[in-house]
Amino acid sequence: MSTPPPGLTRDQIAERAAQDIADGSYVNLGIGMPELIAQYVPEGREIVLHTENGLLGMGPAPAPDAVDPELINAGKKPVTANPGASYFHHADSFAMVRGGHLDLCVLGAMEVASNGDLANWSTGQSDAIPAVGGAMDLVSGVRVVRVMTTHCTRDGTPKLVEKCSYPLTGAGVVSRVYTDLAVVDVTPQGFAVMEIAPGWSFDEVAARTDAPLRDARPGVVA
Amino acid sequence: MSTPPPGLTRDQIAERAAQDIADGSYVNLGIGMPELIAQYVPEGREIVLHTENGLLGMGPAPAPDAVDPELINAGKKPVTANPGASYFHHADSFAMVRGGHLDLCVLGAMEVASNGDLANWSTGQSDAIPAVGGAMDLVSGVRVVRVMTTHCTRDGTPKLVEKCSYPLTGAGVVSRVYTDLAVVDVTPQGFAVMEIAPGWSFDEVAARTDAPLRDARPGVVA
Amino acid sequence: MIDKRVASAAEAVAEIADGETVMIGGFGEAGSPIELVHALIDQGASGLTVISNNAGNGQVGLAALIRCGQVAKIVGSYPRSSNSTVFADVYRAGRIELELVPQGTLAERIRAGGAGIPAFFTPTGAATELADGKEQRFFDGVPHVLEHALRADWALIKAAAADRHGNLLFNKTARNFGPIMAMAARTTVVQAASVGAPGSLDPETVATPGIFVNRVVQIADPAQEFDLVAQGAHYP
Amino acid sequence: MIDKRVASAAEAVAEIADGETVMIGGFGEAGSPIELVHALIDQGASGLTVISNNAGNGQVGLAALIRCGQVAKIVGSYPRSSNSTVFADVYRAGRIELELVPQGTLAERIRAGGAGIPAFFTPTGAATELADGKEQRFFDGVPHVLEHALRADWALIKAAAADRHGNLLFNKTARNFGPIMAMAARTTVVQAASVGAPGSLDPETVATPGIFVNRVVQIADPAQEFDLVAQGAHYP
């Protein structure tokens, strides 16, 4: 088969993920790639970003001369607060998370299984420093959990798998995955491809996925 | 035996109970008679009153023309807030109670048993309207629970008993009782009389108590 | 755009359906969302389960809702009132069910409902008849009971100030159950004396973040239940 | 008279004893009670169990406390740091124990410790290896784990403003664990940039009521851990 073109850039994935966020949503964006999504919320939609360290209504990064070291996000980077923001302590913040008050979170992933299992906190390696943060809370409490990730690791190993090999963050929690190659839904029948990156074929995406894929693109008869 | 003089007035009982409140204490005073205690805190001692509906630093009743219907105590009466006060919601208020943060509460009683059991919420009568409020929370969480009450009911029935006949508020919770006739401690050996009202004898108090009494007054050899 | 304002109390409570569970804020007469409760009386939903610390005062608000026969069950801690016989009369007539809960347990069960905690152990009420039939367990030698979260279809609460996002400030001890009921209901309806633009409230002082609020009705000059009861007012 | 002020950070932490449990506020570099932690380093108590979301940054604060060998165990959610290898080095050398807790469970366990709730069920972490060995139970068909309260001998936290009674205000996301740790310790020590008379703080906006606070030290111009780490500062 011919070599496909490059997949979507990180910004393009973020832009695609942002299109699915409804006006008025309360959203938590995971540390790293998912943070980019905030920059692509379509014009005319107002969303409220939650950062689990204690801020609802998070705004963009401040100008370098306006950094307040006591106003940071969960990734420990300086941020701002939008009009209508509020500050609260950690127990209240995770009451929002665990209590089902957030509409959506978009997290990074090491692996997503075709039953919706997510692994994104530990490689299980004995010399790694264990660290979990708020990921398990988010996946168990937020109404809709999506993932934004590269389709494969840097060495080409698929991240969409039949069964996670890394320790789980949560079981059966992911409903949709945005990658550089495709938009993939988790369904009762496993992974369903909803969209494919320009220049890529279903078979090329399937070859880079370690689980059965169903072609569910609108207009495509599988 | 000769008829003893009247016992202490409600104000005198309150004054006596107030003397045992240490400077700097956080205190909850039950609805009714115990509320009087606030008026008799000895000069030079600063105490902070908690009212479980959501105020720490409760002050005295306001002037009639300064009543705010949204500033009330647990007895639903208008109060004021002292400098250093704070308002909070009910879950935070009872976190203070249940979490052991209050030094002392003084409650009313229908019965106190010699093992410290307290009954003060229900007569168990089938036509009564059941109501418990915060009493059970207070007795299970506050470090020291004392009682202020008349020694007997209006019809002369003793309130200090060997075993409560009414439904319990809490088991083994009361450590000291202030009445119009005596100050009585609850000890591992049962009730111990620490002080007696002027003009009253130990035997006269014992005759109005429905449990064994030990005379533990300083200087008295039992 | 996030705009949780609705035009009237009637509109805010229009969808409350027969048989649903409604949390109603307030402690005694402080913090009662009188205008919302009266709108619920006008609306007529019946067979309601009401979660509220008390059972109303005088002949207005929750007492009137009960008198109108709309409440099948009360979950609360202190339904006795020195200024109303409405609950007592209906209860003695066997026309209302009561689940009596210690006040702190009531608050914690509501907070748990809002925080995604389905159940917790508490020492409150252990070794009393209110623990009968409940799972018990000892921690550090002290008996505790397992208590379950409370949630509701609706919460009706009163705030002093709000913004378009539903952020809330309360007034003094009228705060009482407002913030936790807002967390524990599927749809939280707030009456607020003022409703400003986002940014009108200091983010450090917001007592209820807007994420917990669904609808805000401005009632610029709310009646005080305290005053209505003192005046002998009767609703409807 | 209630006066919780103490003259210095050294005096405030003087009684912390070997083997005790210390909660340390802060998330990342925001809200770190740097001056209190440095006083604890000077004081020298060892064998401590530290409850803190992270495990320190750079070579100051909690990272320095660990480097000095004073910490036997960390209870936290995210001890990795992009700007410090202190914890990683000590952990790989087998010289520190780690109890890893999901961040929301950590917060809820601390809040439970302060609220007199010995244990609660949470869905977080169920069906993961962090639930291994824990009691599990289904609610509404969803697996939950039983988590136990966390308490401590000491809490060291940072506030923006305090009064003589120990009422506290915080600054933005530096609030993080401060209010709940204050509830869960036998002795809560606060460093605050300003300490006023009772009445200097608006009672509607107090984030931590003074009942949860035992000692207040004024540190008028506190160092920001963020700045110290950026400067490559090293303590002691």
Side-chain angles (χ1 to χ4, degrees), chain B residues 31 51-56 58 67-81 85-100 117-119 121-122 124 126-141 164 166-173, chain C residues 27-31 53-55 57 76-83 87-88 91-92 98 100-108 110-112 114-115 122-130 142-144 158 160 170-181 183 207-208 224-227 230:
Chain B
I31 297 166
T51 181
E52 59 265 34
N53 53 315
L55 166 61
L56 197 65
M58 178 172 68
V67 167
D68 181 338
E70 296 195 326
L71 177 47
I72 62 174
N73 66 11
K76 289 142 195 166
K77 294 203 226 26
V79 295
T80 51
S86 54
Y87 299 107
F88 32 81
H89 63 58
H90 253 75
D92 282 349
S93 183
F94 281 91
M96 293 177 191
V97 171
R98 199 191 307 102
D117 288 0
L118 173 66
W121 73 280
S122 168
S126 62
D127 68 334
I129 303 302
V132 62
M136 289 186 182
D137 305 282
L138 287 162
V139 301
S140 66
C164 293
Y166 296 135
L168 291 192
T169 307
V173 295
Chain C
F27 174 90
E29 293 152 330
N53 190 65
N54 307 112
N57 300 286
S77 90
Y78 206 89
R80 270 205 298 261
S81 169
S82 60
N83 58 29
F87 174 81
Y91 181 76
R92 289 209 181 90
L98 172 66
L100 191 70
V101 183
Q103 194 170 334
T105 298
L106 180 67
E108 190 67 10
I110 295 169
R111 191 255 174 202
T122 175
T124 298
T128 77
E129 65 181 43
L130 293 189
V142 178
H144 288 70
K158 178 184 181 181
F170 297 88
N171 182 39
K172 306 187 184 73
T173 58
R175 188 183 308 199
N176 56 64
F177 283 90
I180 52 176
M181 287 182 171
M183 296 168 66
T208 288
Q224 289 290 347
E225 186 167 308
F226 182 88
D227 296 330

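Because the structure is a prediction, the values reported are computed rather than measured.
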### Task
Run the numbers on C/Thr122 and B/Phe94 for side-chain contact (heavy atoms from CB on, under 4.5 Å), then give the verdict.
CA-CA 11 Å; C/Thr122 175; B/Phe94 281 91; over 6 Å; no
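- Proximity to chain C is limited to the side chain of B/Val67, based on heavy atoms less than 4.5 angstrom apart.
- Looking at C/Thr105, the atoms closer than 4.5 Å to chain B (heavy atoms on both sides) sit in the backbone and in the side chain alike.
- Of the listed residues C/Gly76, C/Pro102, C/Gly28, the one with more heavy-atom pairs under 4.5 angstrom with chain B than any other is C/Pro102.
- In this structure, B/His89 NE2 and C/Asn176 CG are separated by 11.0 Å, a value rounded to the nearest 0.5 Å.
- Neither the backbone nor the side chain of B/Thr51 comes within contact range of chain C; no heavy atom of the residue lies under 4.5 Å from a heavy atom of that chain.
- Ranked by heavy-atom pairs under 4.5 Å with chain B, the first of C/Ser77, C/Ala207, C/Ala107, C/Gly178 is C/Ser77.
- Here C/Glu108 is the residue among C/Glu29, C/Glu108, C/Glu225 with the most heavy-atom pairs under 4.5 Å with chain B.
- Of all heavy-atom pairs between B/Ala91 and C/Ile180, the closest is CB-CG2, 3.8 Å.
- One finds the CD1 atom of B/Ile129 at 11.0 Å from the CG atom of C/Leu100 (value rounded to the nearest 0.5 Å).
- C/Phe177 and B/His90 have parallel rings, their planes meeting at less than 30° on a 0 to 90° scale where 60° marks the start of perpendicular.
- Between the CG atom of B/Asp68 and the CG atom of C/Asn171 there is a distance of 5.5 Å, given to the nearest 0.5 Å.
- B/Glu70 and C/Ala30 make their closest contact through CA-CB, 4.0 Å (heavy atoms, listed as atom of the first residue, atom of the second, distance).
- Between C/Val101 and B/Val132, the shortest heavy-atom distance links the atoms O-CG1, 3.8 Å.
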Take C/Lys172 and B/Ile72, measure what side-chain contact (heavy atoms from CB on, under 4.5 Å) needs, and give me the verdict at the end. CA-CA 9 Å; C/Lys172 306 187 184 73; B/Ile72 62 174; over 6 Å; no
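- Of all heavy-atom pairs spanning B/Met136 and C/Gly125, the tightest one is SD-CA, 3.8 Å.
- Looking at C/Phe170, neither its backbone nor its side chain comes within 4.5 Å of chain B, counting heavy atoms on both sides.
- Considering every non-hydrogen atom in both B/Gly133 and C/Tyr78, the closest pair reads N-CD1, 3.6 Å.
- Among B/Val97, B/Leu55, B/Leu71, the residue making the largest number of heavy-atom pairs under 4.5 Å with chain C is B/Leu71.
- When all heavy atoms of C/Gln103 and B/Gly134 are compared, the pair lying nearest together is OE1-N, 3.2 Å.
- Most heavy-atom pairs under 4.5 Å with chain C: of the set B/Ala74, B/Gly54, B/Pro130, this distinction falls to B/Pro130.
- No side-chain heavy atom of B/Lys76 sits less than 4.5 Å from a side-chain heavy atom of C/Asn57.
- No donor-acceptor pair under 3.5 Å is formed between the side chain of B/Arg98 and the backbone N or O of C/Pro123.
- For a residue to count as touching a neighbouring chain, one of its non-hydrogen atoms must lie under 4.5 Å from one of that chain's; by this rule B/Ala95 does not touch chain C.
- Between chain B and the residues C/Leu106, C/Thr128, C/Asn53, C/Thr124, the largest count of heavy-atom pairs under 4.5 Å involves C/Thr124.
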